[in-house]
Amino acid sequence: MNAVYCTPIDLIGYANKARLLSQIASADYGQVPEAQEVLDYFATGIASPDKAVSLQQVKDRVEQVITSSASEINGLLALCGDITIPVSTLTTINMDMAMARLFETLGDDSQIKRQADRWVAWFDKIATGKIPVNKPAITIPEPSTGAETAGSDLVFS
């Protein structure tokens, strides 16, 4: 299974991450594009000559972390057996995990990393049966109208 659950456009539109991605560009690649330049480049592939290389490197990195995160999700899904998870949930998970990979230099206490870790823990709970997924509902028997005993009949004298 080689499914990818989000696109670079999804990722930068997710909670307005274009601004964060422009910060990645400044930290990793030198040129600091504006958030709108990031959005425009991801949508059209067109950039000013002075920022084209930086924006292409950012886009390449975003595509790589999306693919890596999706591969991790697919591996976790394989451990969970035959389950159905809504595509919208998988898209959110892919975006959260990709953001954590983009900002991997953040400390272990970063909110972005904690969210990605929560998703991994969630899959672990599904895989280990702590969260029942796609299981038939448990039926509770109707209460009986009288008391029942197991054993011999009682005789009163």
Side-chain angles (χ1 to χ4, degrees), residues 1-47 51-143:
M1 182 191 298
N2 293 324
V4 174
Y5 305 101
C6 71
T7 66
I9 294 290
D10 293 332
L11 187 62
I12 63 172
Y14 182 55
N16 194 23
K17 299 296 192 255
R19 183 181 191 100
L20 291 172
L21 292 177
S22 70
Q23 292 170 356
I24 291 172
S26 66
D28 293 346
Y29 306 113
Q31 292 287 345
V32 184
E34 295 295 322
Q36 190 60 49
E37 290 177 303
V38 174
L39 286 167
D40 292 344
Y41 183 76
F42 276 40
T44 65
I46 299 170
K51 294 187 181 160
V53 171
S54 295
L55 286 167
Q56 182 59 51
Q57 289 173 324
V58 170
K59 187 173 182 186
D60 290 346
R61 183 168 178 199
V62 167
E63 289 170 346
Q64 186 270 326
V65 297
I66 288 171
T67 301
S68 296
S69 299
S71 294
E72 183 177 357
I73 292 166
N74 292 331
L76 292 166
L77 283 170
L79 296 173
C80 293
D82 188 23
I83 65 168
T84 303
I85 297 176
V87 173
S88 60
T89 301
L90 292 171
T91 298
T92 299
I93 295 168
N94 200 169
M95 289 188 289
D96 285 341
M97 293 176 85
M99 287 304 296
R101 286 178 187 272
L102 280 171
F103 295 96
E104 64 194 359
T105 58
L106 294 175
D108 285 343
D109 61 341
S110 75
Q111 182 60 35
I112 294 169
K113 179 158 179 7
R114 279 184 286 182
Q115 182 57 44
D117 290 344
R118 282 192 288 269
W119 284 121
V120 172
W122 184 72
F123 278 113
D124 180 59
K125 287 177 183 175
I126 292 171
T128 59
K130 293 177 183 168
I131 298 176
V133 178
N134 300 342
K135 307 280 188 218
I138 298 172
T139 56
I140 300 172
E142 292 293 323

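Since the structure is predicted, the reported quantities are computational estimates derived from the model, not experimental observations. Values below: all heavy atoms of this structure, side chains included; hydrogens, waters and symmetry mates excluded.
Checked by atom type and distance alone, the side chain of Asn94 never pairs as donor or acceptor with a backbone atom of Leu90 at under 3.5 Å. Under a 3.5 Å cut-off, the side chain of Thr91 and the backbone N or O of Tyr5 do form a donor-acceptor pair. Put simply, the side chain of Asp40 never gets that close to the backbone of Ile46: no donor and acceptor are under 3.5 Å apart.
Scanning all heavy atoms of the two residues, the minimum distance from Ala98 to Val65 falls at O-CG2, 3.8 Å. Shortest non-hydrogen contact noted between Pro8 and Glu63 is CG-CG, 3.5 Å. Ala127 and Cys80 get closest at one heavy-atom pair: N-SG, 3.8 Å.
Residue Ile93 holds its CD1 atom at 9.0 Å from CG of Leu76, rounded to the nearest 0.5 Å. To the nearest 0.5 angstrom, Cys6 atom SG is 10.5 Å from Met99 atom CE.
Ile12 has its side chain out of reach of Tyr41: every pair of non-hydrogen atoms, C-beta onward, lies at least 4.5 Å apart. Side-chain contact check for Thr7 versus Phe42: every heavy-atom pair is 4.5 Å or farther apart. Looking at Gln56 and Val53, their side chains never come closer than 4.5 Å, going by heavy atoms from C-beta outward.
Sorted by first and then second residue, the side chain to side chain donor-acceptor pair (under 3.5 Å) pairs involving residues 118-131 (not counting sequence neighbours) are Asp96-Trp119, Gln115-Arg118. Judged as a salt bridge (Lys or Arg N to Asp or Glu O under 4.0 Å), not a single pair has a partner in residues 74-94 (not counting sequence neighbours). Legend: salt bridge (Lys or Arg N to Asp or Glu O under 4.0 Å) pairs involving residues 66-75, not counting sequence neighbours, sorted by first then second residue: Glu72-Arg101. Sequence neighbours left out, not one pair with a member in residues 83-94 passes salt bridge (Lys or Arg N to Asp or Glu O under 4.0 Å).
Remark: Gln64 pairs with Ser68 by the side-chain contact (heavy atoms from CB on, under 4.5 Å) rule, at least two apart or across chains. Remark: Thr89 pairs with no residue by the side chain to side chain donor-acceptor pair (under 3.5 Å) rule, at least two apart or across chains.
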